[in-house]
Amino acid sequence: MQIDPPTWHPEPRIPDYRAPAGAVDAHCHVFGPGDRFPYAPQRKYTPSDAPKEKLFALRRHLGLSRNVIVQASCHGRDNAALLDALRSDPENCRGIAVVDPEIEDAALTEMDAAGVRGVRLNFVRRLVDPDPLDISARLAARVAELGWHVVVYFEAADLEELSPFLRALPCDVVIDHMGRPDVAQGVESTEFAAFCDLMEDPRMWVKVGCPERLTKAGAPYDDVTPFARHLVTNFEDRVLWGTDWPHPNMKSHLPDDGLLVDRIPLIAPTEALCQKLLVTNPERLYFAR
Ligand code: 0GY
């Protein structure tokens, strides 16, 4: 399979915005290196290697303190690269794994000890062939017993079908990339209203990053900011932010992670909201133990 060229900016700027102490990048990935952590045979893309050292260097460059590393589809259900990254910086890293629904309890316990705090259910068909919902619900019930949560990635078109499933899960649910709204429809759209209605459920959380994927206008992503700001100001205790580095599958442009950080005070317009978004909320969900 052809290897994608690097999808990250080679020289992100140093942000003007200074994140508060303890700030968490709650959505990022590690890829490979492939000769040590091979990519999954069933993957839909082969990224350039983006190993943990690069992620940790970026964290320092951006003035952030901690990472939540999310298993990406190119590594399938083999979480070895993720676990290796978590174990190399246990104080500052937590993880979200993708697991076989039949995984043994002992393997889950081992992941918990390494800093995994949830499983990701990916419903984006260009990336994976999703498991049937009843199987995913059984897995969610198992990981809920560990105090874990579920991270879900889906497109806006799938919201209606998935809502009853998400509402019935026995744990917190973190939704990636604001549920991928069509930003051309605006924050007043019925589509985004349905998403906000789901967010009224007190177990729903949302990641308000990823403007680079959602924008139609391009950088600096002014067309996406109102969506993120709406979620931060209406659901201030259940919002998370992340870079999405190394930005898999980005083809339109290479997002500047320094710019992404500089957008934070626009989506969280007070210091108190920034503190919740970057520190208090992710701490509660990921770093309480
Ligand atoms: C993201 C988004 C994407 C990829 C994955 O697991 C993945 O491969 O999540 C995407 O292509 O939209 O969050 O990194």
**Q** Treat each ILVMFWY residue as a node, draw an edge where side-chain heavy atoms are under 4.5 Å apart, and state whether V206 and L266 are in one component.
**A**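 No, separate clusters.
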**Q** If only side-chain N and O atoms count, and only distance matters, is there a donor-acceptor pair under 3.5 Å linking T215 with D223?
**A**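 Short answer, yes.
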**Q** Have a look at R263 and tell me which of D256, D222, D257 forms a salt bridge (Lys or Arg N to Asp or Glu O under 4.0 Å) with it.
**A**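 Among D256, D222, D257, the one that satisfies the salt bridge (Lys or Arg N to Asp or Glu O under 4.0 Å) with R263 is D222.
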**Q** Run through L162, V128, L166, V152 and flag the one making a side-chain contact (heavy atoms from CB on, under 4.5 Å) with L121.
**A**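 Only match with L121 under side-chain contact (heavy atoms from CB on, under 4.5 Å): V152.
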**Q** Output all residues satisfying salt bridge (charged side-chain N to carboxylate O under 4.0 Å, His left out) with R138, sequence neighbours left out; order by chain, then residue number.
**A**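 Scan of R138 (salt bridge (charged side-chain N to carboxylate O under 4.0 Å, His left out), adjacent residues dropped) gives none.
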**Q** Are D112 and R289 within salt-bridge range, i.e. N to O under 4.0 Å?
**A**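 Yes, D112 and R289 are salt-bridged.
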**Q** Is it the case that H253 and E212 place a side-chain donor and acceptor less than 3.5 Å from each other?
**A**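 No, E212 and H253 have no side-chain donor paired with an acceptor closer than 3.5 Å.
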**Q** If hydrophobic clusters are built by linking Ile, Leu, Val, Met, Phe, Trp and Tyr wherever their side-chain heavy atoms come under 4.5 Å apart, do M250 and L254 end up in the same one?
**A**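 Each belongs to a different hydrophobic cluster.
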**Q** Do L273 and V224 belong together in a cluster built from hydrophobic side chains that touch within less than 4.5 Å?
**A**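 Shared cluster, yes.
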**Q** Side chains of R238 and N281: is there a donor and an acceptor less than 3.5 Å apart?
**A**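 Result is no, nothing qualifies.
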**Q** Inspect the contact between D131 and R77 and indicate whether a charged nitrogen and a carboxylate oxygen are less than 4.0 angstrom apart.
**A**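 Salt bridge present between R77 and D131.
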**Q** On a heavy-atom basis, which atom in Y221 and which in L259 lie closest, and how many Å separate them?
**A**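 It is CE1-CD2, 3.8 Å.
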**Q** Could you pull out the closest heavy-atom pair between W8 and D49, with the gap in Å?
**A**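 Here W8 and D49 meet closest at CH2-O, 3.2 Å.
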**Q** For F192 and H230, I'd like to know if the aromatic rings sit close, meaning centre-to-centre distance below 6.0 Å.
**A**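 Yes, the ring of F192 comes within the 6.0 Å limit of the ring of H230, centre to centre.
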**Q** Tell me, with the steps shown, if W148 and L108 meet side chain to side chain contact (heavy atoms under 4.5 Å, CB included).
**A** CA-CA 10 Å; W148 290 12; L108 291 176; 3.9 Å; yes
**Q** So, R142 and D105, do they make that salt bridge, N to O below 4.0 Å?
**A**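 A salt bridge links R142 with D105.
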**Q** Any ion pair linking R66 and E283 (charged N to carboxylate O, less than 4.0 Å)?
**A**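 Salt bridge: yes.
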**Q** List the steps, then state whether salt bridge (charged side-chain N to carboxylate O under 4.0 Å, His left out) holds for D25 with R59.
**A** CA-CA 8 Å; D25 175 353; R59 181 175 81 196; over 6 Å; no
**Q** Do other residues, nucleotides or ligands put more than 12 heavy atoms under 6.0 Å from Q42 CD?
**A**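 For Q42, atom CD is crowded (more than 12 foreign heavy atoms under 6.0 Å).
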**Q** List, by chain and then residue number, the residues other than I96 in its hydrophobic cluster (Ile/Leu/Val/Met/Phe/Trp/Tyr, side-chain heavy atoms under 4.5 Å); write none if there are no others.
**A**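 Members other than I96 - counting any ILVMFWY side chain reachable under 4.5 Å - are V24, V68, V70, V151, V174, W205, L240, L285, Y286, F287.
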**Q** Could you see if L169 belongs to whatever hydrophobic cluster contains I103? Use Ile, Leu, Val, Met, Phe, Trp, Tyr and a side-chain cutoff under 4.5 Å.
**A**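 Yes.
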**Q** Just checking, any donor-acceptor pair under 3.5 angstrom between side chains of H29 and D244?
**A**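 Side chains of H29 and D244: pair found under 3.5 Å.
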**Q** In terms of hydrophobic clustering (I, L, V, M, F, W, Y; side-chain heavy atoms under 4.5 Å; direct or indirect links), are L133 and V98 co-clustered?
**A**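 In one cluster: no.
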**Q** Walk me through it: do D262 and R13 pass the test salt bridge (charged side-chain N to carboxylate O under 4.0 Å, His left out)?
**A** CA-CA 10 Å; D262 276 336; R13 71 193 200 201; 2.9 Å; yes
**Q** Would you give the length of the straight line joining atom SG of C93 to atom CD1 of I69, rounded to the nearest 0.5 angstrom?
**A**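 With rounding to 0.5 Å, SG (C93) is 4.5 Å from CD1 (I69).
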**Q** Y153 and R180: side-chain donor and acceptor closer than 3.5 Å?
**A**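 There is such a pair (donor and acceptor under 3.5 Å, judged by atom type) between the side chains of Y153 and R180.
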**Q** Please determine whether ring pair (Phe, Tyr, Trp, His ring centres under 6.0 Å) holds for the pair H75 and Y39, giving the CA-CA distance in whole Å, both sets of side-chain angles, and the decisive distance to 0.1 Å.
**A** CA-CA 5 Å; H75 274 300; Y39 297 105; 4.8 Å; yes
**Q** Show your reasoning for whether salt bridge (charged side-chain N to carboxylate O under 4.0 Å, His left out) applies to D176 and R120.
**A** CA-CA 10 Å; D176 280 345; R120 190 183 201 202; 2.9 Å; yes
**Q** Salt bridge or not for E110 and R87, using N-O below 4.0 Å?
**A**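 Looking at E110 and R87, the cut-off is met.
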**Q** For the residue pair S73 / R43, report whether a side-chain donor-acceptor contact shorter than 3.5 Å exists.
**A**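 Checked: R43/S73 side chains show no N/O donor-acceptor pair below 3.5 Å.
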**Q** Begin with the C-alpha distance, continue with both residues' side-chain angles, and end with the deciding distance and a verdict on salt bridge (charged side-chain N to carboxylate O under 4.0 Å, His left out) for R284 and D172.
**A** CA-CA 12 Å; R284 202 161 87 245; D172 284 333; over 6 Å; no
**Q** To the nearest 0.5 angstrom, please state how far the CE atom of M199 sits from the CG atom of L231.
**A**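 M199 atom CE to L231 atom CG measures 6.5 Å (nearest 0.5 Å).
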**Q** Salt-bridge test for D84 and R36: reply yes if a basic N is under 4.0 Å from a carboxylate O, no otherwise.
**A**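 Looking at D84 and R36, the cut-off is met.
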